Amino acid sequence: MIRDDLSAMVETAARAAMDHGELPRVVLPEVTIERPARPEHGDYATSLPLRLARAARADPLEIARRLAGRLPASGAVAAAEPAPPGFINFRLSEAWLASQVDAIMAAGAAFGDVALGGGRRVQVEFVSANPTGPLTAGNGRGAAIGDVLASVLQAAGYQVEREYLVNDAGTQTDVFGRTLLARYQQLFGRDVEIPADGYPGEYMVDLARRLKDELGARYADASIDAPPEELVLRGIDVMVEQIGEDMKRLGVRYDEWFRERSLYQDEPGGAGNAYDAAMQTLRGKGYLVEKEGALWFASTELGEDKDNVVIRSTGKPTYFASDIAYHFDKFARRGFDLVIDIWGADHQGHVSRMKAAVEAIGVDPDHLDIIIYQLVSFRRGDELVRLSKRAGNLVLMRDVVDEVGADAARFFFLARSADSQMEFDLELAKKQAAENPVYYVQYAHARIAGILANAAERGFSAEGGDVRLLAHPAELDLVRKMLQLPELVQMMARSKEPHHLPHYAQDLATAFHAFYTECRVLDADARPLSAARLKLCGAARLTLARALGLMGVSAPERM
RNA sequence: GCCCCCGUAGCUCAGUGGACAGAGCACCGGACUUCUAAUCCGAUGGUCGCAGGUUCGAAUCCUGCCGGGGGUGCCA
């Protein structure tokens, strides 16, 4: 990556300057290479001289001059100019830029990959909504962020697994079971009510009907307080199936649907279960204390504000206990090097104690990354869509996907920083018009595909094209934009912020549309230039398809 | 009360401590005999919530305040 090359060059220059007595021997900070906001400041810049000025007790501009004078030669750099108050601005050589078209074509579908992960195993766990109902529209945000982050990490050289935790144990499962049993027995004419804290949705009636068909009347007289396991587990299986369908519609595929229940089941080979092992570890380290009839995780010892209950006075483990066992399983048993959890803002209070718990079971808490995304509100144009379980106008994820399409849904969910609350305009997302950024980007891809198809028809070929002919500003700007993809992948993998991708895709599309307007590709009177531009189009198509591919958005051939 | 996130153009939002703060949409004005006008070019639009502080340099870091959202010991 050119940016890394520049960084290395600057460091070399700084050491050379020190060796030649042009710069006092000081500790070099990491050499950062920035992208200047203004084009006249070149393609890249470093402010290292400004950072060195104090330690070196020298004028930063003078340092910049000396460093610039010591920079190793490079075919990629046309100019490295000191600029006040103490920058070095780099301008890339046009010939080098043009040559990158061949480099991108050679990289092919792997263009954009970076070697950052070194094959380390990372698990991305996302959505993991209770399988007690269909996914809501808000879950779509977690789905898009998690799925795309996983793709980005893959591109960055990690070995990635996508996981959904199926909560098929615990309080909510009990409530689900009792609701389901009530609905099921109602079908046999029994006068039973669903629990007050149960799930009132119509889907529970549908589910009960389906189970009645499958299981017959064998549980028609079961006690309402003790839902039969077969009924409950079958009910959860059906819900999980539907969740899987919803995910598929959004284009998300999981590697693993992990059952919470399995944490309590002994593994073959006498290893015991993850829950016992995790609790034993905590107990062994003195993190479990008993008070008020319950068992607590002494998180205050790890700097938390308060302790947290792991085993209720009823003897049942809390969700927190389950989650500790789950993370114990992820790290200690399955051996992930890095675990990323994607949670909605309503789980924010759970973050710091989870990190403390991970530390308590002997895992470096930095190996657990918890991404909290803020809540989503939906609207149609000016009209706010209220999400209310009670009012029954709950917006489902599948409704959103059906209404606006998977491509637009993913693009929109992704385009905002996880830290920001977002407004999702269903009307805009569905609009097949210029104001919809999804189509803008896809149209760029379709346009390129169109040119390439026309080229083949009219006997044009990129074969033997000489990229040195590419010198038009619009051509070079397009190349510059394409070269940003690997940098972006690296940055997103480090920051775990996939929301930059849609913005990049838009910029890339803009660069292509500008090129399209300014430069005619297929010109019978200029065959060599046409061949070179066809190469450029090929590279642009690769890059755009990769950006779309990382987002899980389709790259259409025609629109 | 305490904890977390946010506050940037009319709207929706970007903005790795750097040089004169950006995009899309909306609005206004232009550009189709040419590979898809779902496009392009231009104009308008800003006390970066407020006040301090750190720094050579702050939208970005720190503190306080104001406003919005979320959370807050045996729900998940």
Side-chain angles (χ1 to χ4, degrees), chain A residues 32-38 40-41 45-47 50-51 53-54 60 83-87 89 128-130 132 167 170-172 175 197 292-296 299 305-314 316-323 344-353 372-375 377 382 412 415-425 428 431-437 439-440 442-444 446-455 457-458 460 487 491 494-495 497 499-500 502-503 506-507 509-510 512-514 516-523 530 533 537 558-559:
Chain A
T32 54
I33 302 292
E34 293 127 32
R35 242 170 218 292
R38 310 181 64 77
E40 57 267 37
H41 294 145
T46 182
S47 57
L50 282 163
R51 294 175 212 282
R54 179 184 285 259
F87 295 97
N89 294 330
S128 299
N130 277 326
T132 51
N167 293 106
T171 313
Q172 293 310 310
V175 175
D197 59 348
E292 298 162 29
L295 198 62
W296 301 64
S299 28
D305 294 344
K306 49 200 170 188
D307 292 343
N308 298 95
V309 172
V310 285
I311 301 179
R312 302 181 176 90
S313 43
T314 60
K316 287 194 176 175
T318 59
Y319 157 78
F320 184 40
S322 208
D323 230 5
D346 51 340
H347 285 60
Q348 161 271 127
H350 190 52
V351 173
S352 68
R353 65 171 178 252
I372 296 293
Y373 64 90
Q374 300 299 314
L375 301 181
S377 55
D382 293 331
F412 273 65
R416 273 68 179 113
S417 152
D419 285 339
S420 299
Q421 289 169 48
M422 70 171 285
E423 273 194 29
F424 192 119
D425 186 342
L428 174 60
K431 227 176 244 179
Q432 306 212 354
E435 63 220 81
N436 189 336
Y439 295 107
Y440 178 83
Q442 290 184 319
Y443 180 56
R447 256 187 164 177
I448 301 175
I451 293 172
L452 298 177
N454 286 336
E457 246 170 60
R458 299 187 203 169
F460 285 89
E487 291 176 18
M491 186 267 272
R494 283 191 177 132
S495 65
E497 289 179 343
H499 72 272
H500 299 289
H503 298 278
Q506 272 184 92
D507 286 349
T510 297
F512 177 78
H513 286 311
Y516 178 94
T517 306
E518 301 244 352
C519 304
R520 169 121 200 133
V521 177
L522 306 179
D523 183 351
S530 290
R533 286 182 169 166
C537 286
R558 60 182 67 238
M559 289 173 74

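Quick caveat: nothing in here was measured; it's all calculated off a predicted structure. Protein chains get the first letters and strands the later ones, always in sequence-line order, with residue 1 at the start of each. FYI, side chains are in, hydrogens and waters are out, and symmetry mates aren't considered; it's all heavy atoms of this structure.
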*For Arg353(A), answer base if it contacts any base atom (sugar-phosphate contacts may also be present), sugar-phosphate if it contacts only those atoms, and nothing otherwise; contact means non-hydrogen atoms under 4.0 Å.*
base

*Looking for any heavy atom pair under 4.0 Å, which part of the strands does Met559(A) touch: base, sugar-phosphate only, or nothing?*
base

*What distance, rounded to whole Å, do you find between the two P atoms, one in G49(B) and one in G67(B)?*
16 Å

*When you measure from the side chain of Arg520(A), which nucleotide among G18(B), G70(B), C35(B) comes out closest?*
C35(B)

*Given pairs defined as Watson-Crick or G-U wobble with both distances under 3.5 Å, what dot-bracket annotation applies to RNA chain B, with ( ) intrastrand, [ ] crossing, | other strand and . unpaired?*
(((((((..((((....[...))))..((((.......))))......(((((..]....))))))))))))....

*What nucleic acid atoms does Ser352(A) come within less than 4.0 Å of, heavy atoms only: base, sugar-phosphate, or nothing?*
nothing

*Distance, rounded to the nearest Å, where Arg51(A) contributes CZ and G57(B) contributes C1'*: 10 Å

_As a test of reading the structure: which of G15(B), A38(B), A76(B) is closest to the side chain of His499(A), going by heavy atoms?_
G15(B)

_With rounding to the closest Å, how many angstrom separate the C1' atoms on C48(B) and C32(B)?_
40 Å

*asked:* Nearest to the Ala294(A) side chain among C3(B), C74(B), A19(B), which nucleotide is it?
replied: C74(B)

*OP1 or OP2 of C35(B) sitting under 4.0 Å from any side-chain N/O of Arg558(A)?*
no

*When the ring planes of Phe412(A) and Phe424(A) are compared, do they come out parallel, tilted or perpendicular, using 30° and 60° as the limits?*
tilted

*asked:* Can you tell me if Ser420(A) touches the phosphate of A14(B), counting only side-chain N or O atoms and a distance under 4.0 Å to OP1 or OP2?
replied: yes

*Round to the nearest Å and state the distance from Phe460(A) atom CZ to U34(B) atom P.*
17 Å

*Aro-ring/base stack Phe87(A)-A19(B), d under 5.5 Å, angle under 30°*: yes

_Ser530(A) and Asp523(A): side chain donor to acceptor below 3.5 Å_ = no

_Applying a 4.0 Å non-hydrogen cut-off, can you work out what Gln442(A) is touching in the nucleic acid: base, sugar-phosphate, or nothing?_
nothing

*asked:* Can you identify which nucleotide, out of A19(B), G73(B), C35(B), has its nearest atom closest to the Ala45(A) side chain?
replied: A19(B)

*Shortest non-hydrogen separation from Arg533(A) to Val521(A) and the atoms involved*: CB-CG1, 4.0 Å

_Under 3.5 Å: donor-acceptor pair, side chain of Ser47(A), backbone of Leu50(A)_ = no

*Leu428(A) has an atom CG; how far is it from atom P of U12(B), in whole Å?*
12 Å

*Between G73(B), A19(B), A38(B), which nucleotide gets closest to the side-chain atoms of Ala83(A)?*
A19(B)

*Base, sugar-phosphate, or nothing: which does Leu50(A) touch, judged by heavy atoms less than 4.0 Å apart?*
base

*Distance only, no hydrogens: is a donor on one side chain within 3.5 Å (strictly under) of an acceptor on the other, for Tyr440(A) and Thr510(A)?*
yes

*asked:* Pairing donors with acceptors under 3.5 angstrom, does anything connect the side chains of Arg51(A) and Thr46(A)?
replied: no

*In whole angstrom, give the distance that lies between atom OH of Tyr516(A) and atom P of C41(B).*
14 Å

*His41(A) NE2 to A21(B) P: how many Å, rounded?*
12 Å

*asked:* Just the rounded figure in Å: distance from P of A38(B) to OH of Tyr440(A).
replied: 13 Å

*Nearest-angstrom distance, P atom, C74(B) to C62(B)*: 31 Å

*Does NZ or CZ of Arg447(A) fall inside the cone over Phe512(A)'s six-membered ring, less than 6.0 Å from its centre and within 45° of the axis?*
no

*Quick one: do His41(A) and Phe87(A) satisfy ring pair (Phe, Tyr, Trp, His ring centres under 6.0 Å)? Show the steps, please.*
CA-CA 9 Å; His41(A) 294 145; Phe87(A) 295 97; 7.3 Å; no

*Closest listed nucleotide, where the reference is the side chain of Tyr319(A) and the choices are C74(B), A38(B), A76(B)*: A76(B)

*For residues Ala345(A) and Gln374(A), report the shortest heavy-atom separation together with the two atoms involved.*
CB-OE1, 3.6 Å

_Strictly under 4.0 angstrom, non-hydrogen atoms only: write out the protein contact profile of nucleotides 61-68 of chain B, one letter per nucleotide from the 5' end, B, S or -._
-------B

*asked:* Can you tell me which nucleotide in G18(B), A19(B), A14(B) comes closest to the side chain of Arg416(A)?
replied: A14(B)

*Given that Ile311(A) and Glu423(A) both sit by RNA chain B, which one's nearest nucleotide is further toward the 5' end?*
Glu423(A)

*asked:* Can you see if the side chain of Thr171(A) gets near the phosphate of A76(B) - specifically, an N or O under 4.0 Å from OP1 or OP2?
replied: yes

_N/O donor-acceptor pair under 3.5 Å between Asp307(A) side chain and Trp296(A) backbone_ = no

*When you check the phosphate oxygens OP1 and OP2 of C75(B), does a side-chain N or O of His350(A) lie under 4.0 Å from one of them?*
no

*What about Asn89(A), does its side chain sit under 3.5 Å from the base of A19(B) through a donor-acceptor pair?*
yes

*State whether the side chain of Thr318(A) and the backbone N or O of Val309(A) hold a donor-acceptor pair below 3.5 Å, judged by distance alone.*
yes

_Heavy-atom donor-acceptor pair, Arg38(A) side-chain to C20(B) base, under 3.5 Å_ = yes

*Between G24(B) and U44(B), how far is it from one C1' atom to the other, in whole Å?*
16 Å

*Asp323(A) CG to G73(B) C1': how many Å, rounded?*
17 Å

_Lys306(A) vs Asp419(A), nearer the 5' end of RNA chain B by closest nucleotide_ = Asp419(A)

_Any base atoms under 4.0 Å from Glu487(A), or only sugar-phosphate, or nothing? Heavy atoms, all strands._
nothing

*asked:* Could you check whether any side-chain N or O of Arg416(A) sits under 3.5 Å from a backbone N or O of Met422(A), counting only pairs where one atom can act as donor and the other as acceptor?
replied: no

*Reckon Ala446(A) touches a base, only the sugar-phosphate, or nothing at all at heavy-atom distances under 4.0 Å?*
base

*Which listed nucleotide (C3(B), C13(B), A76(B)) is nearest to the side chain of Gln348(A)?*
C3(B)

*What integer number of Å spans the P atoms of C50(B) and A43(B)?*
28 Å

*Please state the C1' separation for the pair U63(B) and G29(B) - nearest whole angstrom.*
49 Å

*Using the P atom in both, what is the distance from A14(B) to G7(B), to the nearest Å?*
8 Å

*Any donor and acceptor pair, going by atom type alone, linking the side chain of Arg520(A) with main-chain N or O of Leu522(A) inside 3.5 Å?*
yes

_What is the separation between atom CG on Asn454(A) and atom P on U34(B), rounded to the nearest whole Å?_
14 Å

*Distance between P atoms of C5(B) and G30(B) (Å, rounded)*: 49 Å

